[in-house]
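The figures that follow rest on heavy atoms only: side chains count, while hydrogens, waters and symmetry mates do not.
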Amino acid sequence: MADYEMLEVVKVSETKNGQYRITLKKKIVNEFNIKGGDYLVFMRNDKGEVVIKKLQLKDMKLD
């Protein structure tokens with residue numbers, strides 16, 4: 001099993017309209033240079049692990 005560094009634990013909240021929110025703590029925002037309006041992509045690797053990636057403009061396919 002790979003070694004991991006735990007960065008933070010966050011709580012998922014449910015809104016009144018049935019949507020869910022994850023609040024990122026300042027430590028995570030600073031560590032990954034996340035800004036308001038950024039997009040985070042949740043992916044699953046071949047081991048079933050969830051990987052979160054900050055979407056970059058260069059990653060977008062524009063038609």
Side-chain angles (χ1 to χ4, degrees):
M1 180 172 181
D3 292 321
Y4 295 95
E5 174 189 1
M6 186 174 76
L7 296 174
E8 197 64 62
V9 175
V10 297
K11 181 179 179 181
V12 178
S13 303
E14 185 174 3
T15 65
K16 292 180 182 180
N17 62 359
Q19 294 184 343
Y20 296 87
R21 295 181 185 258
I22 298 172
T23 302
L24 301 176
K25 296 184 180 181
K26 190 161 246 178
K27 175 182 177 181
I28 298 298
V29 170
N30 292 337
E31 176 84 18
F32 297 102
N33 194 30
I34 298 170
K35 306 271 190 273
D38 284 348
Y39 288 90
L40 302 178
V41 179
F42 289 73
M43 301 177 289
R44 185 172 303 139
N45 67 17
D46 58 353
K47 297 177 186 174
E49 300 166 329
V50 175
V51 177
I52 303 171
K53 180 179 178 183
K54 181 178 168 183
L55 189 63
Q56 303 290 328
L57 184 58
K58 66 181 178 61
D59 297 330
M60 301 285 294
K61 185 175 184 179
L62 302 175
D63 293 327

Taking the side chain as C-beta and beyond, is there a heavy-atom pair between Glu14 and Gln19 under 4.5 Å?
no
Run Met43 and Lys53 through side-chain contact (heavy atoms from CB on, under 4.5 Å) and show every step you take.
CA-CA 8 Å; Met43 301 177 289; Lys53 180 179 178 183; 3.6 Å; yes
What's the verdict on side-chain contact (heavy atoms from CB on, under 4.5 Å) for Asp38 and Leu55, showing C-alpha distance, side-chain angles and the deciding distance?
CA-CA 7 Å; Asp38 284 348; Leu55 189 63; over 6 Å; no
Check: Lys35 side chain, Val29 main-chain N or O, donor-acceptor pair, under 3.5 Å:
no
Name all residues meeting the side chain to side chain contact (heavy atoms under 4.5 Å, CB included) criterion together with Val9; count only those two or more places apart in sequence or in a different chain, and write none if there are none.
Met6
Checking side chain to side chain contact (heavy atoms under 4.5 Å, CB included) against Ile22, which of Leu40, Ile52, Val10 comes through?
Val10
Hits for side chain to side chain contact (heavy atoms under 4.5 Å, CB included) against Leu7, two or more places apart or cross-chain, chain-then-number order -> Glu5, Ile28, Phe32
Nearest-0.5 Å distance that lies between atom CD in Gln56 and atom OH in Tyr39:
14.0 Å
In this structure, would Val51 and Val41 fall into the same cluster of hydrophobic residues linked by side-chain contacts under 4.5 Å?
yes
Begin with the C-alpha distance, continue with both residues' side-chain angles, and end with the deciding distance and a verdict on side-chain contact (heavy atoms from CB on, under 4.5 Å) for Thr15 and Arg21.
CA-CA 7 Å; Thr15 65; Arg21 295 181 185 258; 3.3 Å; yes
Would you say Ile34 and Val50 are hydrophobically clustered, going by side-chain heavy atoms of ILVMFWY under 4.5 Å?
yes
Contacts of Thr23 meeting side-chain hydrogen bond (donor to acceptor under 3.5 Å, both in side chains) (sequence neighbours excluded), chain-then-number -> none
Rounded to the nearest 0.5 Å, what separates atom NZ in Lys25 from atom CD in Glu8?
4.5 Å
